Amino acid sequence: MASAALLSDPAALSDAPAIELRGVTVRFESVQREVVALENISFALQPGSFLTLLGPSGCGKSTLLRVVADIIMPSSGSVRVLGHAPGEARRRREIGFVFQDSTLLPWRSAIDNVRLPLQVGGGARHGRGGRSPEALLALVGLSGWEHAMPHELSGGMRQRVAIARALLGDPRILLMDEPFGALDEITRDRLNDELLHVWRETGTTILFVTHSIHEAAYLGQQVLMLAAHPGRVRGIVPIDLPEPRHLSIRDTAEFGAVAGRLRAILETC
Amino acid sequence: MARELGLTAAVATAPPRAIEADQARARWLAAQSWARWQRRLLPLLGAASLLFVWWALVAVFDVKPYVAPSPEVVALTMAQKSNVLLANLWPTMLEAISGFALGNTVAIAIAILFVHRKWVEMAFFPIVVLINSIPVVAKAPILVLLLGNGMAPKVAIAAIICFFPTLVNMVRGLEAISPQALELMHVLSARKWEIFLRLRLPTSIPYLFSALKIAASTSVVGAIVGEWIGSQIGIGALIIQATYNFDSALLYATVITGSAFSVLFFLTIRMLERWCVRWVPHPA
């Protein structure tokens, strides 16, 4: 039902959907029982949009991202990324991934971490176009920190480096798995603002997993709500807040109403 | 430098409070420097006091020279017989270093094989554990029978003694990568050898060095134990000769020569570690 709102008629779209899932189910076999992580997930995402995924733990948010990134194969259903199979999109470097942990290589400086995608998987071919590693560090506000080692950077700065690394080669899809979940609130707010800036600058399609209602409402054009056990779509909520957004919007009554609506849906999950 | 200059410039026009803060900082720096001296002096003081106790015990109880020498006699022997000691140190050094290189190289190679072919690890790791559980002194005669009386059995013993800790640590190091790092490599479509070169190998280096530091000392032990069995030259042989001749001063001098090399070897590896591994904070 709710997914129909996003599953626009393909003919009406000027371009193929950035991400399209149809009836995706993921089952994990464990020793005693079978766990259904995702059940019959369908939605489509237009290029350049920002969708946040919100749900309680165990709703399969991270699994969903990993299905799109070709890390996990769905048990049934179909996944298309920019009109291709996820594996094909991955090989074409259309997908950037940001993890909850920055996953920087500790023996490499910030700039060398951003360069990693150029050095593996035939990345030199894909990385030529688009922003340079230096420009990407500047984009995430880290000019002057190129040669700092990860242990010299704060958690927030490390996560910025991870975002810069994910953006190398201008991927058209950016998948973010609770990237600011381990940060303090002040840093998280600032990075939320900067992520919106990065999104406007690059025009990538962003799929952003979070368990923070405020983050989901502030960042997303739409929020995909997931229910747990098994993970399934609870609804897709459009966020009608003016753009471009700034942090001050969080103090408005409109924002409070949106957050309240999301919370009400979460409570039924 | 620039910061210090800035500080003095600030002090020149600073109100009294800043000067007070500056004095507090000077006091703190003085305390720090005293603490540093303490760290250097106290170990020396400890060693000197033990040497004195040793000397006093030998003097007071009139211990006979064939039972235990007094420290100054040992020092004298080290000076007088330095050529004998050095002549016997060279072969031991050569055996220990060759054994160290051989044992660790094989251990690293096998660790890489184990990580990439799990069934090989399952098939052979129990046997490795079994062989490791045989004491060195029991392995030594077997190897002497197998490899003759030259340097070969000593190198082999030193190599075997290094092998196990390095194998275990290296396997652990190569596997100490986070699942997310592996996922990142997958998203980047990295090939297996790229994951090995860019992720597994650098991750394993700190683990490898912990093993190498152990191996640096134990390889010397291995070489010496090897020399105990029917050898004419080397620190181990000299230990046996000095013991049978009741030449306690030479015995002690030999032991000190051997340990000095062992410590030097260890420190060399530790220096290498600090030079190679700069991303993990090292304890002082």
Side-chain angles (χ1 to χ4, degrees), chain A residues 62-63 65-66 68-73 81 86-109 112-113 115-127 148-153 162 165-166 168-169 171 173-179 182, chain B residues 2-3 6 108 111-112 115-116 118 169-213 269-284:
Chain A
S62 296
T63 307
L65 274 197
R66 280 163 174 75
V68 176
D70 188 43
I71 295 170
I72 294 173
M73 286 273 284
V81 179
E88 180 60 24
R90 167 173 66 78
R91 276 186 292 277
R92 289 174 179 226
R93 288 291 173 84
E94 299 286 13
I95 300 171
F97 205 112
V98 181
F99 299 88
Q100 176 167 8
D101 174 39
S102 63
T103 332
L104 299 184
L105 303 182
W107 51 88
R108 285 173 172 241
S109 64
D112 283 337
N113 266 292
R115 283 190 188 121
L116 176 73
L118 295 175
Q119 295 160 345
V120 298
R125 273 182 286 124
H126 301 278
M149 299 302 282
H151 70 262
E152 297 166 329
L153 299 173
R165 178 179 62 191
L168 193 83
I173 312 277
L174 186 57
L175 304 174
M176 308 185 83
D177 188 10
E178 296 186 35
Chain B
R3 192 176 299 165
I108 292 167
I112 293 170
V115 169
H116 287 95
K118 275 283 148 207
N169 261 358
M170 194 66 189
V171 168
R172 255 184 53 206
L174 289 170
E175 287 179 343
I177 49 177
S178 77
Q180 290 195 343
L182 263 187
E183 286 182 346
L184 171 72
M185 286 301 194
H186 177 79
V187 170
L188 295 173
S189 310
R191 280 175 267 279
K192 220 166 174 180
W193 66 268
E194 288 174 329
I195 295 175
F196 178 76
L197 214 64
R198 306 273 185 199
L199 186 62
R200 285 191 190 275
L201 208 57
T203 305
S204 73
I205 298 297
Y207 291 80
L208 174 63
F209 270 107
S210 320
L212 291 186
K213 281 188 289 186
I269 300 295
R270 201 178 68 164
M271 240 171 60
L272 244 157
E273 178 188 31
R274 293 198 173 182
W275 185 72
C276 289
V277 186
R278 293 170 190 224
W279 61 92
V280 179
H282 294 289

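Here the structure is a predicted model, which is why all the values come from computation and not from measurement.
With B/Gln180 contributing its side chain and A/Phe99 its backbone, the two residues share no donor-acceptor pair below 3.5 Å. Formation of a donor-acceptor pair under 3.5 Å by the A/Arg90 side chain with backbone atoms of B/His186 is found in this model.
Residues A/Leu116 and B/Leu184 approach most closely at CD2-CD2, 4.0 Å, considering heavy atoms. Between A/Arg66 and B/Glu183, the shortest heavy-atom contact is NH2-OE1, 2.7 Å.
When each of A/Pro117, A/Gly87, A/Ala69, A/Pro86 is checked for heavy-atom pairs under 4.5 Å with chain B, A/Pro117 comes out on top. For the set A/Asp70, A/Ile95, A/Leu175, A/Leu104, the count of heavy-atom pairs under 4.5 angstrom toward chain B peaks at A/Asp70.
There is no contact between A/Glu152 and chain B, counting heavy-atom distances below 4.5 Å. Looking at A/Ile71, both its backbone and its side chain come within 4.5 Å of chain B, counting heavy atoms on both sides.
The NE2 atom of A/His151 sits 11.0 Å away from atom CH2 of B/Trp279, with the distance rounded to the nearest 0.5 Å.
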Expected list for residues 198-207 of chain B: side-chain donor-acceptor pairs under 3.5 angstrom, two or more places apart:
| unit_1 | atom_1 | unit_2 | atom_2 | d |
| --- | --- | --- | --- | --- |
| B/Arg200 | NH1 | B/Leu174 | O | 2.8 |
| B/Thr203 | OG1 | B/Leu199 | O | 2.5 |
| B/Ser204 | OG | B/Leu201 | O | 2.8 |

Could you go through the side chain to side chain contact (heavy atoms under 4.5 Å, CB included) check for B/Leu188 and A/Arg93 one step at a time? CA-CA 7 Å; B/Leu188 295 173; A/Arg93 288 291 173 84; 3.7 Å; yes

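When the shell of 6.0 Å around NZ of B/Lys192 is examined, it contains 12 or fewer heavy atoms from other residues, nucleotides or ligands.
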